[in-house]
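Here the structure is laid out as structure tokens; the discussion comes afterwards.
Letters A, B, ... mirror the listed sequences (proteins, then strands); counts begin at 1.
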Protein chains: 2
Amino acid sequence: MTFPAKGFAALNATSPLVPFEFERRALEPTDVKIEILYSGICHSDIHQARSEWGPALYPMVPGHEIIGRVSAVGTNVTKFKIGDIAGVGCLVDSCRSCASCGEGLENYCEKGMIGTYNCADPKRGGLNQGGYSDIIVVEERFVVKVPENLDIKGAAPLLCAGITMFSPLRHWKAAPGMTVGIVGLGGLGHMGVKLAHAMGCKVVMVTTSPEKGADAVKLGADAVVVSKDQSAMAAAAGTMDLIINTIPVTHDVNPYINLLKRDATMVVVGAINPVEAVNTGAMIMGRKRIAGSVIGGLPETQEMLDFCGQHGIVSEVEVIGVNQINEAYERTIKSDVRYRFVIDMSTL
Amino acid sequence: MTFPAKGFAALNATSPLVPFEFERRALEPTDVKIEILYSGICHSDIHQARSEWGPALYPMVPGHEIIGRVSAVGTNVTKFKIGDIAGVGCLVDSCRSCASCGEGLENYCEKGMIGTYNCADPKRGGLNQGGYSDIIVVEERFVVKVPENLDIKGAAPLLCAGITMFSPLRHWKAAPGMTVGIVGLGGLGHMGVKLAHAMGCKVVMVTTSPEKGADAVKLGADAVVVSKDQSAMAAAAGTMDLIINTIPVTHDVNPYINLLKRDATMVVVGAINPVEAVNTGAMIMGRKRIAGSVIGGLPETQEMLDFCGQHGIVSEVEVIGVNQINEAYERTIKSDVRYRFVIDMSTL
């Protein structure tokens, strides 16, 4: 028996988000049913709702930064009980048989991860729908536990922005003694500052805006480099062990490559569209690297939440009601949010 | 007392190489004097002789793939004795005090390595001059021993082409069980095929030319992908653990990124000029990497020569006399050499 659900959906590429009624799938033996409490707004929600990342699937209920309370569990569920605070991120399924899935890197599933929304459900048919909604049903493997001490409003963005930054910091072994540059202070960047700081790194905020630089210091940055200041960029050349570049649009990465030490890596997490011509000569002369990274697998997402629980880390959020979603989209596009909108789903 | 020397030099950016007489520095206590037997022609010799890599220093005797016989040693020399076969590569000095020099990575000296030619001698004044010459005087730290079993004509290109490929293969841990792509079959690429094969990897030649592909198989490649063949490139997508990209000009790296497995690296060793726009989206979705690498430090260059000695690896060469240097430059530009010109310096 399916569950009637309410949400906000885009009906086509130019539609504002509107109230929408639909059905959630019936509870299967390994499923968890979650009453959604808060749902973050990620810039990628906007790209997908507007069909800017290839043809989108409508109607579309966006939302992949989902926090809620478990309200029912399938007969074979072992990790969750009714009343637990649970989280769902960007994916709700994967092939489970490829090498990546075998390593707990379901986000890199070789057959393609199954997205929380804007994605067909290959097993049951129909479209998956996301977190701007009152309930969701997800298999427990793809649900994470949220530490009790975290403010759940601020915890919602950890499911995407948090893991997007945590995973490359861990993969490239961010640790005390290292200087980590975070390029861009938005939803991703502000989580990067907090996480790298908690990992014991020296954190350098690289931003176009002195005001954002001052904000980054409050969030834990040890230093700020204003990227429009040529002399500051020159002074910072060759000083960074790791850079996480969150700029979400096509841009010139070469000024940031110059900030890397020999053998250091810049991880691009934001630029889905190609970056401009890359000065491989500068990379050659310093054995430097550019890498990509996308969110994280389920085990690492749980590790990230536990880490945030230990260090008391949540996102800086502005809580809105469902009737403010469309306005929040416009403000997100203008970077007019410090640093993430979270929808209070009780307003539905 | 300096040593009178003969060589072939470019006198300016448009000059053909012409006979040239000059002075080599006097033998200092830690110096080795080498009677040059063979000197390889690297494409970078041409770029520098023609001032294509920034303002060049003239007169310029090119040549950084130098093999010769030790004819004199300074009073403090411990590694060499008269009669030894010795090699000199791309650098003849470095600061020796930075972190890179401390790690034996003089090629990444933070103050800049001191080139074998097209470089001022910071200690003694004047210009360093390269291997298209009868003798050279170099401090022993920057001279390597050449295994006795190697054909010395074919060993000359190991000093640049060989180490340029060996270093990234070692750095990125090429080993049995790995599939290594070598992009481009020229002076660098043909050494990459031989070295990766000797390291026990499955070697895949990626080339525009089916004829070169057939050649690569003779050199040790296990498979060939003709890069103009879209279906072959699609079939090879996601199959490679490591790619060494030797293309020496601005190009589109994205088709090669598609060949990488998750977490795999493409090392660019040829493209000193920027490559075209990079599809970071594809890197993000597979946590893929692009890295640079330039030649190697002195300890690794010695390790490479010892490895080549153990495996009987030398470059495929066409031996020429000094009067053919200018013609060889034109043929090198047209890739009309399989796979490296080496100058017999006895023809001087």
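At a threshold of 4.5 Å between non-hydrogen side-chain atoms, the residues A/M283 and B/V268 do not count as touching.
Of all the listed residues (A/A99, A/A277, A/G286), the one sharing the greatest number of non-hydrogen pairs under 4.5 Å with chain B is A/A277. Per-residue heavy-atom pair counts under 4.5 Å with chain B were compared for A/S167, A/P274, A/G270, A/P168, and the maximum is reached by A/P274. Chosen from A/M285, A/R262, A/M113, the residue pairing most often with chain B at heavy-atom distances under 4.5 Å is A/R262.
Proximity to chain B at a heavy-atom threshold of 4.5 Å picks out nothing from residues 232-246 of chain A.
A/E276 CD to B/T280 OG1: the interatomic distance, rounded to the nearest 0.5 Å, is 11.0 Å. Taken to the nearest 0.5 Å, the NZ atom of B/K288 stands 11.0 Å off from the OH atom of A/Y108.
Interface residue A/L105: only side-chain heavy atoms are found under 4.5 Å from chain B. Using a 4.5 Å cut-off between heavy atoms, A/D263 contacts chain B through its side chain alone, with no backbone atom that close. Contact of A/V278 with chain B is made through backbone and side chain together, with heavy-atom distances under 4.5 Å.
In terms of heavy-atom proximity, A/I272 sits nearest to B/N279 at O-OD1, 4.0 Å. The nearest pair of heavy atoms linking A/A291 to B/R289 is CB-CG, 3.9 Å.
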